[in-house]
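Here the structure comes first, spelled out in structure tokens, and everything after it is commentary.
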Amino acid sequence: MNFRNFPMVPRVIYGRGSFDDLHEIIAPKRKGDAPFIFFVDEVFATRDNLIRRIPLQGNDKIIFINTTDEPKTKQVDALRDALKAEFGGVSGIIGIGGGSIMDTAKAVGLMMTNEGSSAQYQGWDLIKTQGVYRVGIPTLSGTGAEVSRTAVLTGPEKKLGLNSDYTTFDQVVLDPSLTKDAPNDQRFFTGMDCYIHCIESLNGTYLNAFSKSYGEKSEEMCEQVFLRKNVWDDESDEALMMASWHGGMSIAYSQVGVAHAVSYGLAFVLGTHHGIGNSIVFNYLEEYYPSGVEKFHEMVRKWHIDLPKGICAHCTDEQFNTMINVSLGMAPLWENALGKNWRNSMTPEKLRALYERM
Ligand code: NAD
Ligand code: ZN
């Protein structure tokens with residue numbers, strides 16, 4: 001095949017309060033006594049207004065997941081093993097949280113039917129068997145994990161997604177009221193992930209009309225909420241939720257670029273989280289994305305964001321080399337950003353100098 005024939009989420013429900021339709025949505029998917037498992041970000045454990053609305057029935061179970069660290073292959077394997085030991089099989093897995101929880105739900109759902117460790121499937125199209133039924137319910141907007149065909153995991157050797165046609169959710173519930181209480185900083189960083197997806201897609205060599213149509217709309221909505229509005233309101237939650245979706249659609253048919261390639265190095269060596277890592281890197285990318293970076297600086301000022309500085313100040317040569325290797329290993333991202341001859345312009349020395357600025 002000459003063109004990418006990529007899967008989309010087959011069903012999506014949108015609307016303030018749509019979370020309460022979950023019981024009706026999942027009822028036909030129930031397989032006898034096999035439970036639905038709800039992976040919920042631990043931050044909601046004490047928020048009864050969400051927890052009591054989770055439609056538990058029979059053996060259904062809520063598992064609270066701590067997201068201090070982004071999801072790891074060994075955590076996904078352990079969750080899968082525990083579910084198999086307790087229940088044998090499940091009717092489905094429902095992830096309620098930001099990108100970390102959504103990726104965990106996607107990955108565990110796949111690993112219920114794929115043998116071995118999830119680390120074996122980090123890469124492209126290595127998953128060959130349909131997973132169990134999976135629902136994604138974002139409580140933070142920006143990553144596009146709700147719509148993408150990947151579940152990003154940190155493994156023993158690399159941070160890389162389970163990219164496959166089987167990875168996309170079977171159902172997504174977009175309820176903007178769920179993002180309402182996200183902390184200002186976190187909302188900003190995850191929102192910037194979306195903004196950066198758009199800038200990298202729209203300024204990449206892989207750009208095409210399909211990606212452009214989604215990227216432009218998403219960028220416009222990001223600017224609406226982070227540049228033109230002075231307060232965060234319901235309309236902001238709604239716009240950013242749809243910006244995230246469109247941003248994800250935009251990169252589905254193009255690629256991300258320099259900020260993501262560089263930030264993967266930070267994540268692998270320093271454990272820097274995705275949204276904040278992208279923001280730290282993007283802050284210094286005026287050479288590659290001049291107008292996007294200028295607007296980004298304006299957004300940082302407007303929302304009083306304290307961007308961490310000096311995070312590489314104490315890195316050893318070995319750490320710098322690992323970051324550089326991880327980053328330069330992301331060939332498609334560099335090719336999208338700088339063209340086929342990217343290795344001529346992005347050398348290890350240049351990348352080291354960039355890391356040293358952070
Ligand atoms: P996250 O899921 O890691 O959550 C960040 C923090 O926000 C956590 O402390 C969490 O407890 C908190 N939080 C989430 N929702 C909240 C709410 N409504 N109220 C209060 N606190 C809330 O953050 P993220 O930026 O959404 O996701 C990052 C992850 O997504 C990374 O692991 C990254 O690799 C992954 N990612 C995946 C894709 C994909 O296509 N699959 C794309 C981009 C990023
Ligand atoms: Zn991203």
Side-chain angles (χ1 to χ4, degrees), residues 6 9 19 39-47 49-50 64-73 75-76 95-107 110 122 134 136-155 158-164 167-169 172 175-201 218 232 237 240-241 243-245 247-252 255-264 266-268 271-279 281-282 330 333:
F6 78 89
V9 173
F19 183 74
F39 290 162
V40 182
D41 192 303
E42 207 175 65
V43 77
F44 292 107
T46 52
R47 297 199 190 165
N49 59 343
L50 181 86
F64 290 109
I65 294 184
N66 180 290
T67 49
T68 309
D69 290 328
E70 294 187 342
K72 295 194 162 59
T73 52
Q75 175 193 14
V76 165
I96 306 175
S100 293
I101 297 292
M102 288 193 279
D103 281 353
T104 305
K106 282 165 140 177
L110 289 173
Q122 286 181 284
R134 290 155 308 143
I137 310 183
T139 65
L140 256 184
S141 295
T143 63
E146 64 279 13
V147 71
S148 73
R149 77 190 278 284
T150 186
V152 183
L153 301 179
T154 303
K158 53 199 169 200
K159 178 178 176 185
L160 186 61
L162 314 185
N163 296 268
S164 84
T167 308
T168 23
F169 281 118
V172 168
D175 181 344
S177 69
L178 301 181
T179 62
K180 188 175 165 44
D181 298 319
N184 183 51
D185 274 28
Q186 185 61 55
R187 183 163 59 202
F188 183 84
F189 292 131
T190 302
M192 285 305 107
D193 187 23
C194 177
Y195 182 65
I196 295 166
H197 289 160
C198 301
I199 300 296
E200 293 186 330
S201 168
S218 177
W232 196 270
D237 282 318
L240 193 57
M241 187 160 265
S244 175
W245 182 274
M249 288 297 293
S250 180
I251 49 176
Q255 196 31 288
V256 286
V258 181
H260 277 77
V262 177
S263 121
Y264 267 93
L266 294 178
F268 192 75
T272 316
H273 283 216
H274 189 79
I276 194 165
N278 283 346
S279 300
V281 176
F282 198 65
M330 317 290 291
L333 284 64

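FYI, side chains are in, hydrogens and waters are out, and symmetry mates aren't considered; it's all heavy atoms of this structure. Nothing fancy with the numbering, it's 1 onward along the sequence. Order of listing sets the numbers, starting from 1, for every ligand and every atom in it.
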Quick one about [Y] and [X] (side-chain donor to acceptor, distance below 3.5 Å, no hydrogens or angles considered), yes or no?
X      : Y      : answer
Glu200 : His260 : yes
Asp193 : Thr143 : no
Thr73  : Gln122 : no

Provide the number and element of each atom of ligand 1 under 4.0 Å from a heavy atom of [X].
X      : result
Thr139 : 14 (C), 15 (N), 16 (C), 17 (C), 18 (N)
Pro183 : 20 (C), 21 (N)
Val43  : 11 (O), 21 (N), 22 (C)
Thr150 : 39 (C), 40 (O), 41 (N)
Thr67  : 8 (C), 9 (O), 10 (C), 11 (O)
Leu178 : 18 (N)
Lys159 : 34 (O)
Asp193 : 43 (C), 44 (C)

Just heavy atoms, cut-off under 4.0 Å: does [X] contact ligand 1 by side chain, backbone, both, or neither?
X      : value
Pro71  : side chain
Met192 : neither
Ser100 : both

Check your understanding: Is the Zn ion (ligand 2) under 2.8 Å from any N, O or S atom of Cys194?
Key ->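 Short answer: no, not a single N, O or S atom is under the cut-off.
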Protein contact to [atom] [nearest heavy atom, distance to 0.1 Å]:
atom                    : value
atom 42 (C) of ligand 1 : Thr143 O, 3.2 Å
atom 23 (O) of ligand 1 : Leu140 CD1, 3.5 Å
atom 32 (O) of ligand 1 : Glu70 CD, 3.2 Å
atom 33 (C) of ligand 1 : His274 CB, 3.6 Å
atom 35 (C) of ligand 1 : Asp103 OD2, 3.5 Å
atom 10 (C) of ligand 1 : Asp41 OD2, 3.1 Å
atom 39 (C) of ligand 1 : Ser148 OG, 3.4 Å
atom 25 (O) of ligand 1 : Thr190 OG1, 2.7 Å

Check your understanding: To the nearest 10 degrees, how large is the angle at the Zn ion (ligand 2) between His274 NE2 and His260 NE2?
Key ->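 About 100° at the Zn ion (ligand 2).
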Point to revise | Nearest-0.5 Å distance, CD1 of residue Ile276 to CE of residue Met192 | key: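 So the gap between those two atoms works out to 12.5 Å.
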Review point. Between Ile101 and Thr139, does a side-chain contact (heavy atoms from CB on, under 4.5 Å) hold up when you go through it step by step?
Key: CA-CA 10 Å; Ile101 297 292; Thr139 65; over 6 Å; no
Check your understanding: So, do Gln75 and Asp69 sit near enough that their side-chain heavy atoms are less than 4.5 Å apart?
Key ->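 Contact flag for Gln75/Asp69 side chains = no.
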Practice item. Take Cys198 and Ser250 through the side-chain contact (heavy atoms from CB on, under 4.5 Å) test and state the conclusion after the steps. Key: CA-CA 7 Å; Cys198 301; Ser250 180; 5.9 Å; no
Exercise for review: Take the angle between the ring planes of Phe282 and Tyr195 and call it parallel below 30°, perpendicular above 60°, tilted in between.
Suggested key: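 Answer is perpendicular, since the angle exceeds 60°.
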**Study point:** Arg47 near ligand 1 by a heavy-atom separation under 4.0 Å
**Key:**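 True for this residue.
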Exercise for review: Measure the distances from the heavy atoms of Phe44 to every atom of ligand 1 and state whether one is below 4.0 angstrom.
Suggested key: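 It does, in that a heavy atom of Phe44 comes within the 4.0 Å cut-off of ligand 1.
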Check your understanding: Out of the N/O/S atoms in Asp193, what is the name of the one closest to the Zn ion (ligand 2)?
Key ->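 Output for this pair reads OD1.
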